[in-house]
Amino acid sequence: MPELPEVETVLRGLEQRALGCRITGVEILNAGVITGQPAHLREHLIGRGIAALRRKGKALAVYLATNGATQGDCLLIRLGMTGQVVVIRRDAPLLPHTHVRMVLNDGPNEIRFRDSRRFGRLRYCTREDLEKVFGSLGPDALDVTEKEFRDALRRRGAIKGWLLNQRMLAGLGNIYADESLFEARIHPQTQADRVSERGARALLRAVRRVLRQAVALQGTSFRDYIDIEGRPGNFLPKLRVYQKTGKPCPRCKAPIRRITVCGRSSHFCPRCQRRTRRPRANTNSR
DNA sequence: GCAAGCCTGACC
DNA sequence: GGTCAGGCTTGC
């Protein structure tokens with residue numbers, strides 16, 4: 001599932017392979033993946049250059065340029081669960097679930113958007129649209145400051161759901177949420193506002209460490225994820241608890257458990273990640 | 001029939 | 001303001 005490291009890998013791939021190119025054609029094979037009017041999207045993309053790329057959490061903005069200058073508008077890409085963006089020769093066979101093709105003025109290449117589950121979306125965004133979309137997201141998980149992180153933790157509900165809530169912190173999905181909680185030795189059902197100061201520091205450190213390592217390894221290919229060149233990520237062997245139900249904890253050998261928290265499967269070590277019951281942090285203090 | 005990420009709408 | 005359910009889709 002594409003989370004922050006996978007989207008970052010796609011961003012870097014597009015920077016290498018598509019930055020500076022011009023979009024000369026857009027073919028929409030399935031309008032269902034387009035937010036807004038498909039014709040509108042085509043009109044705004046055709047003839048435009050790719051000026052820059054920017055990511056917040058799992059959202060990827062491809063800035064468009066006219067005569068080399070960015071206008072602040074962009075193509076917003078959200079990969080959903082199974083979305084893929086590849087740069088590939090135009091004459092390469094069209095795989096199933098290919099929904100959009102964007103022809104580049106770069107030799108024989110085009111950008112393709114594939115998505116079997118069709119949870120992913122492409123959307124044309126004005127500068128204002130993008131500000132709204134990015135504004136609705138919490139701080140990016142790799143940019144968040146300790147203060148922002150601690151302040152955002154002051155709310156009820158399980159820490160697992162908090163980590164998955166993109167309005168709190170943008171970028172984590174189920175894989176890296178479970179891995180980060182394991183790293184920080186925090187039980188997924190711990191209430192966010194009852195995470196100790198030490199715990200909060202450990203969690204932020206864990207989130208950064210896990211995400212940075214995953215970015216360095218081009219992400220995790222659990223099922224569908226591939227990068228711009230069609231290559232899988234290399235983080236899979238680094239997973240310690242995600243989908244390891246019954247396997248020994250890499251730290252203490254206790255069998256990894258799977259429970260449902262906030263409606264989402266959560267993998268954790270029942271010995272390393274003890275459930276703490278401490279008083280709710282007093283929001284009036286400080 | 002479940003699971004996933006994100007959006008929408010209902011409700012307090 | 002916040003929370004929560006429902007819907008989308010399809011491979012397993």
Side-chain angles (χ1 to χ4, degrees), chain A residues 1-11 28-38 55-61 75-85 95-100 113-125 129-138 140-141 151-180 188-189 191-193 211 214 219-226 232-233 235-236 239 241-245 257-268 280 283:
Chain A
M1 283 138 286
E3 306 178 27
L4 185 152
E6 291 75 30
V7 178
E8 179 66 23
T9 303
V10 168
L11 181 152
I28 297 168
L29 298 114
N30 184 338
V33 301
I34 310 295
T35 298
Q37 292 292 325
R55 179 189 62 70
K56 188 169 185 189
K58 308 176 200 175
L60 178 59
L75 167 69
L76 182 71
I77 302 177
R78 310 195 88 148
L79 295 174
M81 295 177 58
T82 53
Q84 302 175 344
V85 174
L95 294 175
H97 311 299
T98 302
H99 304 311
V100 179
F113 177 67
R114 289 187 68 214
D115 187 0
S116 67
R117 302 265 157 113
R118 281 188 258 159
F119 275 25
R121 289 291 180 268
L122 300 189
R123 172 183 173 184
Y124 169 73
C125 282
D129 292 335
L130 186 67
E131 268 170 28
K132 253 183 146 172
V133 172
F134 275 13
S136 71
L137 297 171
D140 183 83
D151 286 349
L153 273 175
R154 296 165 173 276
R155 58 207 276 81
R156 295 174 181 238
I159 189 68
K160 175 62 185 279
W162 185 89
L163 283 173
L164 294 177
N165 185 344
Q166 303 299 301
R167 283 184 301 221
M168 296 298 111
L169 189 67
L172 296 198
N174 218 18
I175 297 176
Y176 300 113
D178 280 2
E179 293 297 315
S180 299
Q189 281 174 323
Q191 293 291 298
D193 57 1
L211 292 180
T220 305
S221 292
F222 198 78
R223 186 165 296 151
D224 301 87
Y225 170 74
I226 51 170
F235 195 75
L236 193 66
L239 295 180
V241 289
Y242 182 75
Q243 292 285 330
K244 304 278 187 198
T245 313
R257 286 194 57 200
R258 174 186 155 135
I259 58 172
T260 298
V261 183
C262 301
R264 307 291 301 279
S265 67
S266 294
H267 311 80
F268 70 105
R280 196 174 295 281
T283 29

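Below, read A as the first sequence line, B as the second, and so on, with proteins coming before strands; counting in each chain starts at 1.
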When the distance from [atom1] of [X] to [atom2] of [N] is rounded to whole Å, what number comes out?
X        : N     : atom1 : atom2 : answer
A:Leu164 : B:dC7 : CG    : P     : 15 Å
A:Met81  : B:dA4 : CE    : C1'   : 3 Å
A:Met1   : B:dA3 : CE    : P     : 13 Å
A:Tyr242 : B:dA4 : OH    : C1'   : 8 Å
A:Leu172 : B:dC6 : CG    : C1'   : 16 Å
A:Asn30  : C:dC8 : CG    : P     : 15 Å
A:Lys160 : B:dA4 : NZ    : C1'   : 12 Å
A:Ile34  : B:dC6 : CD1   : P     : 17 Å

Between protein and nucleotides 2-5 of chain C, what N or O pairs are separated by less than 3.5 Å?
{"unit_1": "C:dT3", "atom_1": "OP2", "unit_2": "A:Arg155", "atom_2": "NH2", "d": "3.1"}

Residues two or more places apart in sequence or in another chain: which of them pass side-chain hydrogen bond (donor to acceptor under 3.5 Å, both in side chains) with [X]?
X        : answer
A:Thr35  : none
A:Gln166 : none
A:Lys160 : A:Asn174, A:Asp178, A:Ser266

Across the strands shown, which category fits [X] at heavy-atom distances under 4.0 angstrom: base, sugar-phosphate, nothing?
X        : value
A:Asp115 : nothing
A:Ser265 : sugar-phosphate
A:Arg114 : nothing
A:Gly32  : nothing

Problem - Test side-chain contact (heavy atoms from CB on, under 4.5 Å) applied to A:Gln37 - qualifying residues, sequence neighbours left out - result: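 A:His40.
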Practice task
Rounded to the nearest 0.5 Å, what's the gap from OG on A:Ser221 to CG on A:Leu236? Could you check?
Solution key: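 Interatomic distance, A:Ser221 OG to A:Leu236 CG, rounded to 0.5 Å: 7.5 Å.
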Problem - Between CE on residue A:Met1 and CD1 on residue A:Ile175, distance to nearest 0.5 Å - result: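 Here the interatomic distance stands at 4.0 Å.
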Problem - Note: A:Lys58-A:Glu3 ion pair, threshold 4.0 Å (strictly below) - result: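 No salt bridge links A:Lys58 with A:Glu3.
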Looking at [X], does any N or O in its side chain come under 4.0 Å of the phosphate oxygens OP1/OP2 on [N]?
X        : N      : answer
A:His97  : C:dG11 : yes
A:Ser136 : B:dC7  : no
A:Arg118 : C:dT10 : yes

Practice task
Choose from B:dA4, B:dC6, C:dG11 the nucleotide whose nearest atom is closest to any side-chain atom of A:Gln166.
Solution key: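 The answer is B:dC6, which lies nearest to the side chain.
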Practice task
Specify the residue among A:Arg78 and A:Thr260 whose closest nucleotide of DNA chain B lies further upstream toward the 5′ end.
Solution key: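 Going by which nucleotide is closer to the 5' end, it is A:Thr260.
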Practice task
Output yes if the stacking criterion (under 5.5 Å between centres, under 30° between planes) is met for A:Phe119 over the base of C:dC8, else no.
Solution key: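 Yes; centroid distance and tilt both under limits.
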Can you give each donor-acceptor pair under 3.5 Å made by side-chain atoms of residues 129-138 of chain A, sequence neighbours left out, with the distance rounded to 0.1 Å?
{"unit_1": "A:Asp129", "atom_1": "OD2", "unit_2": "A:Thr126", "atom_2": "N", "d": "3.0"}
{"unit_1": "A:Asp129", "atom_1": "OD2", "unit_2": "A:Thr126", "atom_2": "OG1", "d": "3.2"}
{"unit_1": "A:Ser136", "atom_1": "OG", "unit_2": "A:Val133", "atom_2": "O", "d": "2.7"}

